[in-house]
Peer 1: 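My questions all concern the structure below.
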Amino acid sequence: MTILDHLEHHLGAMSVGWKGLESGNTCPFIVAKFDRGPTSDSLIFSTIGLSDDPLVSPVSQKLIRHELVLMIRGDNPKNVPSLLQQVGMQSLATRTPLLRGDVIHRAGTVFANTAMVALYVTIPVYFPEAFRTCNIDDSSIIFAWLVPITHDEVHYIQKFGWDSFEDKLEQCDQDLIDINRVSIV
């Protein structure tokens, strides 16, 4: 089984993929788009190949292989592929994996005309548990879900911690893949 096999098993066939960076350079991994998300009007984007480079956890010192997943509902922002490429390239450059609870700050907003200013890393709970990891050649590849979050949510995480934020996520009735949603705090 490959990462693409795993993704297509859960998300249907890949509809398009991107390899080049906006700078014109090539990226060591691709970003793929899938049209079968958790709802009929959602889109899923995932890196494929980022996990080829194991990264060292700053918390446990374990080697972690991961791919990044971004789910959205509504309009398809044109910057999603470059956003995932930037985040993945930053992870490779620092040799640091993204861990649950991490907040990735952006200059300006994540998507134009939205209140989303950062990305929050968590497990992809909108999918069955079997989606969360993929085992290839005795290696576990983790799928890290990047959830767009608002300024108030960033401050809540900084003040109360990611575990408290995830408690709020479980209690709220917000659709976390709606990039036009209001803050949960």
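The figures that follow rest on heavy atoms only: side chains count, while hydrogens, waters and symmetry mates do not.
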Peer 1: Quick check: closest heavy atoms across Leu146 and Leu98, and the distance to 0.1 Å?
Peer 2: CD2-CD1, 4.2 Å

Peer 1: Gln61 versus Val56: any side-chain heavy-atom pair under 4.5 Å?
Peer 2: yes

Peer 1: Side-chain contact test, heavy atoms from C-beta onward, threshold under 4.5 Å: evaluate it for His105 versus Val117 and give yes or no.
Peer 2: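 Side-chain contact under 4.5 Å: no.
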
Peer 1: Are the side chains of Leu92 and Leu55 in contact, using a 4.5 Å heavy-atom criterion?
Peer 2: yes

Peer 1: Over all heavy atoms of both residues, which pair between Ala32 and Met14 is shortest? Give the atoms and the distance, please.
Peer 2: CB-SD, 3.2 Å

Peer 1: What verdict does the side chain to side chain contact (heavy atoms under 4.5 Å, CB included) test give for Leu7 and Ile3, after you've listed the backbone C-alpha separation in whole Å, the side-chain angles of each residue and the deciding distance to 0.1 Å?
Peer 2: CA-CA 6 Å; Leu7 289 166; Ile3 294 168; 3.9 Å; yes

Peer 1: Answer yes or no: is there a side-chain heavy-atom contact under 4.5 Å between Lys19 and Ile30?
Peer 2: yes

Peer 1: Would you compute the distance between atom OG of Ser46 and atom CG of Leu68 and round it to the nearest 0.5 angstrom?
Peer 2: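 The distance works out to 7.5 Å.
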
Peer 1: Roughly how far apart are Leu169 CG and Gln174 CD, rounded to 0.5 Å?
Peer 2: 10.0 Å

Peer 1: Linking I/L/V/M/F/W/Y whenever their side-chain heavy atoms sit closer than 4.5 Å, directly or via other members, would Tyr120 and Leu99 fall into one cluster?
Peer 2: no

Peer 1: Roughly how far, to the nearest 0.5 Å, is the CD1 atom of Ile142 from the CZ atom of Arg65?
Peer 2: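 If I round to the nearest 0.5 Å, the distance is 11.0 Å.
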
Peer 1: Are side-chain heavy atoms of Val103 and Leu119 found at a separation under 4.5 Å?
Peer 2: no

Peer 1: One pair to check against side chain to side chain contact (heavy atoms under 4.5 Å, CB included): Asn79 and Phe111. What are the steps and the verdict?
Peer 2: CA-CA 7 Å; Asn79 70 322; Phe111 304 115; 3.2 Å; yes

Peer 1: So do Tyr156 and Ser164 actually touch side chain to side chain, heavy atoms under 4.5 Å?
Peer 2: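 In contact.
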
Peer 1: Does Asp5 CG have over 12 foreign heavy atoms under 6.0 Å away?
Peer 2: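 For Asp5, atom CG is crowded (more than 12 foreign heavy atoms under 6.0 Å).
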
Peer 1: Quick one about Thr47 and Glu67 (side-chain donor to acceptor, distance below 3.5 Å, no hydrogens or angles considered), yes or no?
Peer 2: yes

Peer 1: Arg100 vs Asp102, test: salt bridge (Lys or Arg N to Asp or Glu O under 4.0 Å). Steps then yes/no.
Peer 2: CA-CA 6 Å; Arg100 186 177 184 185; Asp102 284 351; over 6 Å; no

Peer 1: Using the salt bridge (Lys or Arg N to Asp or Glu O under 4.0 Å) rule, take Asp178 and Arg73 through it: C-alpha gap first, then chi angles, then the decisive distance, then the call.
Peer 2: CA-CA 5 Å; Asp178 181 356; Arg73 177 193 315 283; 5.4 Å; no

Peer 1: As a quick check of understanding, evaluate side chain to side chain contact (heavy atoms under 4.5 Å, CB included) for Leu84 and Leu50, giving each step before the final call.
Peer 2: CA-CA 10 Å; Leu84 284 176; Leu50 179 62; over 6 Å; no

Peer 1: Going from OG1 on Thr2 to CD on Glu8, what distance comes out if it is rounded to the nearest 0.5 angstrom?
Peer 2: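 It comes to 7.5 Å.
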
Peer 1: What about Phe160 and Phe165, are their ring centers closer than 6.0 Å?
Peer 2: no

Peer 1: Stepwise, does the side chain to side chain contact (heavy atoms under 4.5 Å, CB included) test hold for Glu166 with Thr122?
Peer 2: CA-CA 9 Å; Glu166 291 213 356; Thr122 191; 2.6 Å; yes

Peer 1: For the residue pair Pro97 and His66, what are the closest heavy atoms and their distance?
Peer 2: CA-NE2, 3.5 Å

Peer 1: I need the single residue from Lys159, Lys168, Arg181 that forms a salt bridge (Lys or Arg N to Asp or Glu O under 4.0 Å) with Glu153. Which is it?
Peer 2: Arg181

Peer 1: Hey, are the side chains of Val80 and Lys78 touching, using non-hydrogen atoms and a 4.5 Å cut-off?
Peer 2: no

Peer 1: Quick one about Asn135 and Ser140 (side-chain donor to acceptor, distance below 3.5 Å, no hydrogens or angles considered), yes or no?
Peer 2: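 Side-chain D/A pair, Ser140 to Asn135: present.
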
Peer 1: Do Ile141 and Thr133 have side-chain heavy atoms sitting under 4.5 Å apart?
Peer 2: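 Sidechains of Thr133 and Ile141: no contact.
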
Peer 1: How long is the span from the SG atom in Cys172 to the CG atom in Asp167, to the nearest 0.5 Å?
Peer 2: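 The distance works out to 11.5 Å.
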
Peer 1: Which pair of non-hydrogen atoms, one from Ile136 and one from Met1, has the smallest distance, and what is that distance?
Peer 2: CG1-O, 3.5 Å

Peer 1: Are Val87 and Ile64 connected in a single hydrophobic cluster, I mean Ile/Leu/Val/Met/Phe/Trp/Tyr linked by side-chain heavy atoms less than 4.5 Å apart?
Peer 2: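 The answer is no; the residues belong to distinct hydrophobic clusters.
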
Peer 1: When rounded to the nearest 0.5 angstrom, what distance separates CD1 in Ile48 from CH2 in Trp18?
Peer 2: 11.0 Å

Peer 1: Could you name each residue pair satisfying ring-ring contact (aromatic ring centres under 6.0 Å, His included) that touches residues 128-153, not counting sequence neighbours?
Peer 2: His6-Phe131, His6-Phe143, His10-Phe131, Tyr126-Trp145, Phe127-Phe131, Phe131-Phe143, His151-His155

